[in-house]
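Have a look at the structure below, then the notes.
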Amino acid sequence: KTLGVIGLGAIGRKVAASAKALGMEIAGYDFLGWYKGETEYDFATLVTGNVTLTAKWQIKTYEVTFDSKDGSAVAAQTVNHGGTASEPTAPTKTGYEFAGWYADEALTTAWNFTEGKITAPTTLYAKWNINGYTVTFNSNGGSTVESATVNYNTVVTEPSAPTRTGYTFAGWFVGET
């Protein structure tokens with residue numbers, strides 16, 4: 001992107017000017033230098049006539065990284081200043097359900113991929129909800145035992161033994177016995 005023009009007419013004098021010195025800054029762009037046509041201007045050159053120099057700018061790019069918090073890896077993206085990141089395929093994590101990307105590590109501000117503008121290097125954080133599982137106790141004709149909900153990778157609390165007339169409870173088994 002080319003913005004800004006400076007005209008120099010001091011014949012026989014060296015010219016030196018920077019974008020900052022002239023108060024020329026554009027948010028989200030890097031100043032690349034002064035150009036005469038397609039060539040960067042050499043300020044050691046003596047001016048012998050009117051010269052028009054053009055400021056050359058390049059849009060800044062930023063890396064957007066995705067911290068999956070122990071989930072599967074998600075590739076970083078390079079995004080232009082003021083642009084939006086593309087929503088990546090949801091990561092996976094054994095025993096958890098992916099619950100979205102967040103702008104902060106505390107997971108309080110959900111990221112909106114349609115409206116979230118990138119204006120600096122950015123890290124987005126994955127939120128996970130632990131899976132809950134139902135453990136059903138089949139008392140095999142004995143008294144009713146309530147089911148329990150248990151989070152992934154935790155142990156279930158053993159319930160009180162069921163009763164059944166004429167039988168002694170022998171314990172809990174996986175499957176039917």
Side-chain angles (χ1 to χ4, degrees), residues 1-134 149-154:
K1 190 166 191 173
T2 302
L3 302 171
V5 174
I6 184 170
L8 304 174
I11 297 175
R13 286 194 224 159
K14 289 187 177 181
V15 177
S18 73
K20 281 189 178 183
L22 295 171
M24 294 176 53
E25 290 188 56
I26 300 175
Y29 288 82
D30 287 321
F31 175 70
L32 298 182
W34 292 103
Y35 281 72
K36 182 177 177 185
E38 294 299 315
T39 306
E40 186 169 9
Y41 188 74
D42 178 0
F43 281 93
T45 303
L46 293 175
V47 176
T48 59
N50 291 331
V51 178
T52 299
L53 300 179
T54 303
K56 188 170 183 180
W57 303 91
Q58 181 175 16
I59 194 163
K60 291 181 179 182
T61 59
Y62 305 106
E63 185 172 73
V64 177
T65 55
F66 298 90
D67 183 343
S68 67
K69 298 287 187 184
D70 298 323
S72 58
V74 176
Q77 298 177 17
T78 300
V79 178
N80 285 342
H81 177 87
T84 57
S86 299
E87 186 168 3
T89 300
T92 58
K93 182 176 178 179
T94 302
Y96 293 81
E97 181 179 344
F98 177 68
W101 293 106
Y102 282 73
D104 58 317
E105 214 167 349
L107 307 175
T108 59
T109 306
W111 185 258
N112 182 322
F113 283 91
T114 304
E115 298 175 8
K117 303 296 183 197
I118 304 298
T119 58
T122 302
T123 300
L124 298 178
Y125 302 89
K127 180 177 181 179
W128 298 99
N129 292 328
I130 194 164
N131 290 341
Y133 301 99
T134 300
T149 300
V150 187
N151 285 339
Y152 168 75
N153 210 26
T154 61

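Just so it is clear, the model here is predicted, and its values are computed rather than measured. Numbering starts at 1 and runs along the sequence shown.
No donor-acceptor pair closer than 3.5 Å links the side chain of Thr61 to the backbone N or O of Val79.
Gly116 and Thr84 get closest at one heavy-atom pair: O-CG2, 3.5 Å. Listed here is the closest heavy atom pair of Trp57 and Glu25: CH2-CA, 4.0 Å. Minimum interatomic distance between Ala90 and Phe98 (heavy atoms only, all atoms of both residues): CB-CD2, 3.5 Å.
Contact annotation: the side chain of Asn131 never approaches that of Asn151 to less than 4.5 Å [non-hydrogen atoms, C-beta and beyond]. Looking at heavy atoms from C-beta onward, Asn50 lies out of side-chain contact with Thr52 at the 4.5 angstrom threshold. Between Pro91 and Tyr96 the shortest side-chain heavy-atom distance does not fall below 4.5 Å.
Between the side chains of Thr123 and Thr65, a donor-acceptor pair is found at a separation under 3.5 Å. Tyr62 and His81 are linked by a side-chain donor-acceptor pair at a separation below 3.5 angstrom, with hydrogens and angles left out of the test.
In this structure, CD1 on Ile59 lies 10.5 Å from CD1 on Ile26, to the nearest 0.5 angstrom. Atom-to-atom distance recorded for Ile118:CD1 and Glu63:CD is 11.5 Å, nearest 0.5 angstrom. With rounding to the nearest 0.5 angstrom, the OH atom of Tyr125 is 12.5 Å from the OG atom of Ser68. The OG1 atom of Thr48 sits 8.0 Å away from atom CG of Leu46, with the distance rounded to the nearest 0.5 Å.
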Exercise for review: Evaluate the criterion ring-ring contact (aromatic ring centres under 6.0 Å, His included) for residue pair Tyr41 and Phe43; output intermediate values, then yes/no.
Suggested key: CA-CA 6 Å; Tyr41 188 74; Phe43 281 93; 4.9 Å; yes

Check your understanding: Hey, mind stepping through Leu124 and Phe113 against side-chain contact (heavy atoms from CB on, under 4.5 Å) and telling me if it holds?
Key -> CA-CA 11 Å; Leu124 298 178; Phe113 283 91; 3.9 Å; yes

Practice item. List the steps, then state whether side-chain contact (heavy atoms from CB on, under 4.5 Å) holds for Ser72 with Lys93. Key: CA-CA 6 Å; Ser72 58; Lys93 182 176 178 179; over 6 Å; no

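Residues passing the ring-ring contact (aromatic ring centres under 6.0 Å, His included) test with Phe66 are Trp101, sequence neighbours excluded.
Atom CD of Glu40 has more than 12 neighbouring heavy atoms from other residues, nucleotides or ligands inside a 6.0 Å radius. No more than 12 heavy atoms of other residues, nucleotides or ligands sit less than 6.0 Å from atom CG of Asp70.
Relative to the ring axis of Tyr35, Lys56 places its NZ or CZ within 45° and under 6.0 Å from the centre.
The aromatic ring centres of Trp34 and Phe31 sit less than 6.0 Å apart.
Applying the side-chain hydrogen bond (donor to acceptor under 3.5 Å, both in side chains) rule to pairs touching residues 105-120 yields Lys69-Glu105, Asp104-Thr108, sequence neighbours excluded.
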